[in-house]
Every structure is written in C-alpha cells, then in structure tokens.
Trainee: 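Handing you this structure, nothing more for now.
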Amino acid sequence: MTKASLPQPPLPDSVLIVDDSGVQRQHAVAVCADLGIRHIHEASHGAEALDMLAMLPEPPGVLIIDLEMPGMNGVELIQNLQKRGVNIPVIVASSRESPLIEAVETMTRALGMELLAGLQKPLNLLQIASALRSRCNAKQPCANEDQIAFTADDLHEAIGADEVLPHYQPKLDVRTGVIKGVEALARWARPGQGMIPPDRFIPVAEQNGLIHELTLSIAGRACAQAAQWNKRGLRLSMAVNLSPHLLDSDRFVDDISALTEQHAIRADQIVWEITESSVVANLGAALGVLARLRLKGYGLSLDDYGTGFSSMQQLARMPFTELKVDRSFVHGAAQRDHLRVILQSALDMANRLNLVTVAEGVERLEDWKLLQEYGCSLGQGHLVARPMPGEELPVWLRTNARHLRSLHGERRGATLDERRA
Ligand code: C2E
Ligand code: CA
Ligand code: CA
C-alpha cells in the first residue's frame, strides 16, 4: 500500500474554537468547515468556553485553544479544564514563539490531558487536518470510542483467546531506506468492536495484574513471527515494548529468555523498548532488570527519549544499546528551530555514546531528510508505514519498493542547500 492510498483516519464531528480575535476565529471556523466538520462552536475567551461546555448537550470532540486572550487565557483555561475533570483532546494555537507553545504542550500533557498538537498561527488546512486526525492515526482501523467498554476479565479472556496480537511497524535505515527491524505494537481485535488501541487496554492490564501475561503473549507471537521471517531470509530486529510494571518483577527476565529460546531466536535479534520515564521513576529496580537483560545479550532501547528528564550522566550509566527520540521532537522538526536543536543534540549525544539512534513518528519527508543530515540510524513513522499484521509485511515490502527507494539519501557530499532544494 502506498502512502497516498492509506485510508484517512476520521475527523471529529464537532469542535470548539476558543479565540478572542474574531478574524482568527473565523479563519479557524472556515478551515474546520472546509474539512467537513459538522458542528463548530465558538467562544471568545476561556470563561465563555467553560460556560459553553457546561451547556452543550454533547461535548465537542476537540478544543482548539488560542493562548493569548484577555481574562482567562489559554493556559488558565487548560488548567481549569483539568481541575473540572474535562478531558477533551486539545489543540493549542498561538502566534507566539515556539518554546512558549511547547511549554504549554508539556504542561498540558503533564496535567494528564490529551494534546493533539501545538500549532503556530496562521493556521492552515493541512496542519489542522493532521492534528485532528492524529487522535486516530495510530489506531487503524479506529474502533468507535463510544463502543469500547470492557472489564479486566474480558481482557484476560481476550489474551487467552489470542485476540490481543502484535502489529508490526517497520524501522528503516534512514540513509539507505532499507528495512532493518520492526516494532511489535499490541492491538486487541475484539469481535464486534474493531481494533482497540493499546492506550486503552495496556493501562487496564497494568492495573489488574495482567501485564506480565500480556507481554509474554505479545513477545511470544513476535518471536514466532521473527522465526518465520528468518526462515524466509528476512532477518529483522524485533522490538517489543516493556511496561514499567515489569521492571520490578523477579520472574520476568527468566520467562522471556525461556520464550526466545523456545522459538530459537537469538537474544541479539530482540530489542526491549523501555520508556525513559519508567526507568527514571524506578531507577534501582530498572537497572537490575536492564543489566540482566543485557547480560543475556538482548538489545535495550530507551523509548520516548526527551520526555522523561533523565540526565546525561544517568543515561551514560545505563546499559542501553539504542536511543529512540520521542516523536514530539521529530514531527515538524524541519520547521521548528527549537525542536531541531533538541533533536540534533539528542542524536549527537547518542552517537557519541555509540548507541543506535532511532527517530519515531516521522510523518514528513522534510523531517526524514533532516534525520539523514543529522546522522540518525533508523526512522519509523507514518511516512514509511503504519503498523500492519505480520503476514502483510513481505507483501508491503514488495509493493512499496519504489516508495522505500525514494527515502534513500541523496549522494554523499551534497550540500545542505542542494539536498533541501
Ligand atoms: P510507543 O512505544 O511510543 O509506540 C509508538 C506509537 O506511535 C504507536 O502507537 C505507533 O502506532 C504510533 N506511531 C507510529 N508512527 C507514527 C507517526 O508517524 N505518527 C503518529 N502520530 N504516531 C505514530 P500505538 O500502537 O497506538 O501504541 C501506543 C503505545 O502503547 C506505545 O507507544 C506503547 O507505549 C504502548 N504499547 C503498544 N504495544 C505495547 C505492548 O505490547 N506492551 C506495552 N507495555 N506497551 C505497548
Ligand atoms: Ca515503543
Ligand atoms: Ca515511543
């Protein structure tokens, strides 16, 4: 499937635009109307938005919030929404400098709210469409959110019934466009409910003592898939996500090494991805598990790097083999100076520490080119492919050879201007 033929995730049915400038509000309204959004509500300041939310029969699907407003500004509005337990996905929009927008993005996430994007004004159709769709981007095909309702027992049964399966997202050599590995991402194919995304059921598994079983099930399937591809001459490194809840388990390391042996997969073909924040939060326990995994020969990837505030000193002391820069520093980096500085310094540091560098969430060609320029080893994201069932991957590789070739870096030594031209 080429990128152009990918099905577009659905847009929300309704939005609330909060902006004090009538002109800018009308512009945002026009863009949303062009996108076919049916219900577009407007408020000219934070307090009015709160009143409107209290009165609307159905909450809007997304809030588009300007930062600078008289009275209650955008920051205060977001804080108020969180205090009231309103968790509607938010797009922050402002004509102010990007570090300020990014500070508000970080604040919004830290408050536990769902942030779709921080956008620099003037807003355009593509920007808004991609931000609005990002909610469903990772969940193809999207289950209808209203229909997702399950208990921990349902999930337990589903794991036993093999309804929770990995899909695989390719990781490509950024310079050559050649596939080097995949990341296994859990999906719950629940009969009658479509595909339930991991963000919905992993927390339930973690809170109900099911994460050990779920991870072993995903890792078992991933090993079986890797073994099958190996037999066909497709040797790909296989990345599997580890929950922080497994980092203080005594049994876990033994259980997974038994599993990889059972499938005759060498430890160095598997990479365990562990988020930066979970390592920092459990440093003592995490280092024990990481050291044991590394002693067995597995690769270790520091996932979502840049979101967990680890210090460089901490990082240099941890036995990681790979650093995966969080997509919030990758997506749009070609356009935003601030992101570019962070991305480049993370990649420089990781290269100096001899780590494999991975950029996740690459959606645009200009960001991919930037990664080539900065010497990032591997890239992953919708620009290359969305996660797909294992049996589709060889077909995808065959039918996308041209697309993958187009991701090949230009001749060595080309100047920056030539490459950007
Ligand atoms: P993650 O480990 O950061 O995985 C990357 C997520 O980004 C995936 O979402 C992937 O589909 C999505 N993604 C990939 N490329 C792009 C892109 O270009 N743009 C955007 N916007 N998104 C992209 P997914 O599959 O929904 O997984 C969400 C999270 O759920 C994962 O984040 C991971 O933390 C967790 N997860 C998934 N599978 C497992 C699992 O087996 N075990 C555990 N413990 N966690 C899992
Ligand atoms: Ca991951
Ligand atoms: Ca990640």
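The figures here come from the full heavy-atom set of this structure, side chains too, leaving out hydrogens, waters and symmetry mates. Please read all numbers here as calculations on a predicted model, not as lab measurements. Read the numbers this way: they start at 1 and go in the same order the structure lists the ligands and their atoms. FYI, the numbering just counts along the sequence from 1.
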Trainee: Apply the side chain to side chain contact (heavy atoms under 4.5 Å, CB included) test between E360 and each candidate in Q169, K324, H331; give the one that qualifies.
Mentor: K324
Trainee: Assess whether a salt bridge exists between R235 and D268, defined as any Lys/Arg side-chain N lying under 4.0 Å from an Asp/Glu carboxylate O.
Mentor: yes
Trainee: Is the distance between the Ca ion (ligand 2) and the nearest N/O/S atom of T275 smaller than 3.0 Å?
Mentor: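 So T275 does not count as coordinating the Ca ion (ligand 2).
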Trainee: If the threshold is 4.0 Å, N to carboxylate O, is there a salt bridge linking E273 and K171?
Mentor: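 Judged by the 4.0 Å cut-off on N to carboxylate O distance, E273 and K171 do form a salt bridge.
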Trainee: Taking N, O or S atoms only and a limit of 3.0 Å, check whether E360 reaches the Ca ion (ligand 3).
Mentor: yes
Trainee: R187: heavy atom below 4.0 Å from ligand 1, yes or no?
Mentor: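 The answer is yes: ligand 1 sits under 4.0 Å from a heavy atom of R187.
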Trainee: Give the numbers and elements of all ligand 1 atoms closer than 4.0 Å to a heavy atom of S243.
Mentor: 44 (N)
Trainee: Closest by any non-hydrogen atom to atom 14 (C) of ligand 1: pick that one out of Q169, K324, E206.
Mentor: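 Looking at heavy atoms only, the winner is Q169.
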Trainee: Assess whether a salt bridge exists between K121 and E68, defined as any Lys/Arg side-chain N lying under 4.0 Å from an Asp/Glu carboxylate O.
Mentor: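 Salt bridge: no.
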Trainee: Check each atom of ligand 1 against the heavy atoms of P198 and keep those under 4.0 Å away; list them by number with element.
Mentor: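 Here the atoms of ligand 1 in question are 24 (P), 25 (O), 26 (O), 27 (O), 28 (C), 30 (O), 36 (N), 37 (C).
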Trainee: Can you sort out which atoms of ligand 1 are near G361, meaning under 4.0 Å from one of its heavy atoms?
Mentor: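 In order of number, 16 (C), 17 (C), 18 (O).
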Trainee: Distance under 4.0 Å to a non-hydrogen atom of D304: what atoms of ligand 1 satisfy this?
Mentor: 3 (O)
Trainee: Run the numbers for me: atoms of ligand 1, each under 4.0 Å from some heavy atom of D199, listed by number.
Mentor: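 Ligand 1 atoms under the 4.0 Å threshold to D199: 28 (C), 29 (C), 30 (O).
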Trainee: Please determine whether D304 has a backbone or side-chain N, O or S atom lying under 3.0 Å from the Ca ion (ligand 2).
Mentor: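 Coordinating: no.
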Trainee: Counting heavy atoms only, which of E363, Q380, H331 is nearest atom 21 (N) of ligand 1?
Mentor: E363
Trainee: So, D66 and R25, do they make that salt bridge, N to O below 4.0 Å?
Mentor: no
Trainee: Please work out, at 4.0 Å between heavy atoms, whether the side chain, the backbone, both, or neither of R386 comes within that distance of ligand 1.
Mentor: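 Neither part.
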Trainee: Return the name of the atom in D303, of element N, O or S, nearest to the Ca ion (ligand 2).
Mentor: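 Relative to the Ca ion (ligand 2), the closest nitrogen, oxygen or sulfur of D303 carries the name OD2.
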Trainee: Is the Ca ion (ligand 3) under 3.0 Å from any N, O or S atom of E273?
Mentor: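 False for E273.
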Trainee: State whether the side chain of Q269 and the backbone N or O of M238 hold a donor-acceptor pair below 3.5 Å, judged by distance alone.
Mentor: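 Side chain of Q269 to backbone of M238, a donor-acceptor pair under 3.5 Å: no, none is there.
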Trainee: Could you tell me which atoms of ligand 1, counted from 1 in the order shown, lie closer than 4.0 angstrom to a heavy atom of P387?
Mentor: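 Within the 4.0 Å cut-off of P387, ligand 1 contributes 11 (O).
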Trainee: Can you give me the closest heavy-atom contact between N282 and S278, atom names plus distance?
Mentor: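 Looking at all heavy atoms of both residues, the closest pair is ND2-O, 2.7 Å.
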Trainee: Using a strict 4.0 Å cut-off to heavy atoms of E183, name the atoms of ligand 1 that fall inside it.
Mentor: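 In order of number, 2 (O), 4 (O).
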Trainee: Just by distance, with hydrogens left out, do T357 and Y374 show a side-chain donor and acceptor under 3.5 Å apart?
Mentor: no
Trainee: Answer yes or no: is there a donor N or O on one side and an acceptor on the other, between the side chain of R190 and the main chain of G194, under 3.5 Å?
Mentor: no
Trainee: Ignoring hydrogens, what is the shortest heavy-atom contact between A285 and D248? Give both atom names and the distance.
Mentor: CB-CB, 3.8 Å
Trainee: How is the N/O/S atom of E183 that comes nearest to the Ca ion (ligand 2) named?
Mentor: OE2
Trainee: Among I202, V384, D303, T275, which residue places a heavy atom closest to atom 40 (C) of ligand 1?
Mentor: I202
Trainee: For the residue pair Q335 and E366, confirm or rule out a side-chain donor-acceptor distance under 3.5 Å.
Mentor: yes
Trainee: Given V362, N241, I274, which one has a non-hydrogen atom that is nearest to atom 33 (C) of ligand 1?
Mentor: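 Looking at heavy atoms only, the winner is N241.
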Trainee: When D304 is tested against each of D326, I274, V325 for side chain to side chain contact (heavy atoms under 4.5 Å, CB included), which residue passes?
Mentor: D326
